[in-house]
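One-based numbering along the sequence shown. Everything quoted here is computed from the prediction, not taken from an experiment.
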Amino acid sequence: MKLMELKQKTLKKSAHMISILLNIGCILFGVFSVALFIGIMVIICVPLFSPEMFQTVWETTVHEGQAYSFGQCVFFFICCLGELICTFFALYHAKRIFGCIGKGNSPFAPKTAVQIRKIALYILAFAVFSVLSVFKLSFASFFMCGLFALILFCISLIFDYGCELQQEVDETL
């Protein structure tokens with residue numbers, strides 16, 4: 001019984017530390033997302049409110065060898081914003097999982113499986129934004145993200161099963 005208590009205490013401390021790190025990651029990716037959103041708004045609004053400034057900047061960019069159109073650049077930045085937002089939400093849901101475990105709750109709760117499925121969904125969305133943002137299909141990275149999302153989905157099903165077993169044990173006691 002002592003060994004079991006020691007493992008639970010170690011799990012609780014580790015989960016709490018991971019939760020803190022994920023919280024820092026959420027803050028960073030949240031700040032990056034907001035900054036990129038503001039940047040996209042500036043890029044879109046400059047041609048509307050100051051066409052001469054936009055023309056000067058664009059001519060300099062084209063003169064230095066920039067080959068992308070204005071629309072392609074905006075699309076690229078929107079895809080990058082999608083990647084940042086997906087990363088933020090994946091970290092957020094992971095933080096919620098580890099936060100609950102860090103507080104001493106059982107990892108085999110129905111909400112844990114749901115959180116894992118959400119992380120899998122955000123990883124898949126990240127893969128789509130990633131492929132779109134580079135204007136070419138990066139099959140290997142898309143395949144790896146898809147495979148990782150599938151593995152997480154299967155792990156969520158394992159957690160569903162563990163939750164059912166936990167519930168049966170709790171009802172038996």
Are [X] and [Y] connected, step by step, through hydrophobic side chains (Ile, Leu, Val, Met, Phe, Trp, Tyr) whose heavy atoms are closer than 4.5 Å?
X	Y	answer
Leu28	Ile18	yes
Leu150	Phe142	no
Ile119	Val114	no
Phe29	Ile27	no
Val169	Leu165	no

Heavy-atom distance under 4.5 Å between the side chains of [X] and [Y], does that happen here?
X	Y	answer
Phe32	Leu36	no
Phe98	Leu21	no
Lys111	Cys100	yes

Enumerate donor-acceptor pairs with a distance under 3.5 Å from any side-chain N or O in residues 6-14 to protein atoms, sequence neighbours excluded.
{"from": "Thr10", "atom 1": "OG1", "to": "Leu6", "atom 2": "O", "distance (Å)": "2.8"}
{"from": "Ser14", "atom 1": "OG", "to": "Thr10", "atom 2": "O", "distance (Å)": "2.9"}

What pairs with [X] under side chain to side chain contact (heavy atoms under 4.5 Å, CB included), at least two apart in sequence or on another chain?
X	result
Phe148	Ile123, Leu152
Lys103	Asn105
Leu121	none
Ile158	none

Using 0.5 Å steps for rounding, measure from the [atom1] atom of [X] to the [atom2] atom of [Y].
X	Y	atom1	atom2	value
Ile97	Lys95	CD1	NZ	11.5 Å
Gln115	His93	CD	NE2	5.5 Å
Thr172	Gln167	OG1	CD	10.5 Å
Phe76	Leu132	CZ	CG	12.0 Å

Any side chain to side chain donor-acceptor pair (under 3.5 Å) involving residues 139-160? Give me the pairs, sequence neighbours left out, ordered by first then second residue.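 Residue pairs with at least one partner in residues 139-160: Arg117-Ser156, Arg117-Asp160, Ser138-Ser141.
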Pairs flagged by side chain to side chain donor-acceptor pair (under 3.5 Å) wherever residues 17-27 is involved - sequence neighbours left out: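 Found none.
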For residues 77-91, please give each side-chain donor-acceptor pair under 3.5 Å, one per line with the distance, not counting sequence neighbours.
{"from": "Glu83", "atom 1": "OE2", "to": "Ser130", "atom 2": "N", "distance (Å)": "3.3"}
{"from": "Glu83", "atom 1": "OE2", "to": "Ser133", "atom 2": "OG", "distance (Å)": "3.1"}
{"from": "Thr87", "atom 1": "OG1", "to": "Glu83", "atom 2": "O", "distance (Å)": "2.9"}

Partners of Arg96 by salt bridge (Lys or Arg N to Asp or Glu O under 4.0 Å), sequence neighbours excluded?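 Salt bridge (Lys or Arg N to Asp or Glu O under 4.0 Å) list for Arg96, sorted by chain: empty.
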Phe108: partners by ring-ring contact (aromatic ring centres under 6.0 Å, His included), with sequence neighbours left out: Phe159
Can you name the ring-ring contact (aromatic ring centres under 6.0 Å, His included) partners of Phe129, sequence neighbours left out? none
Can you confirm whether Tyr122 is buried at OH, in the sense that more than 12 heavy atoms of other residues, nucleotides or ligands lie under 6.0 Å from that atom?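 Correct, the count exceeds 12.
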On a heavy-atom basis, which atom in Ile101 and which in Ala15 lie closest, and how many Å separate them?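 Smallest interatomic distance, heavy atoms only, reads CG2-CB, 3.5 Å.
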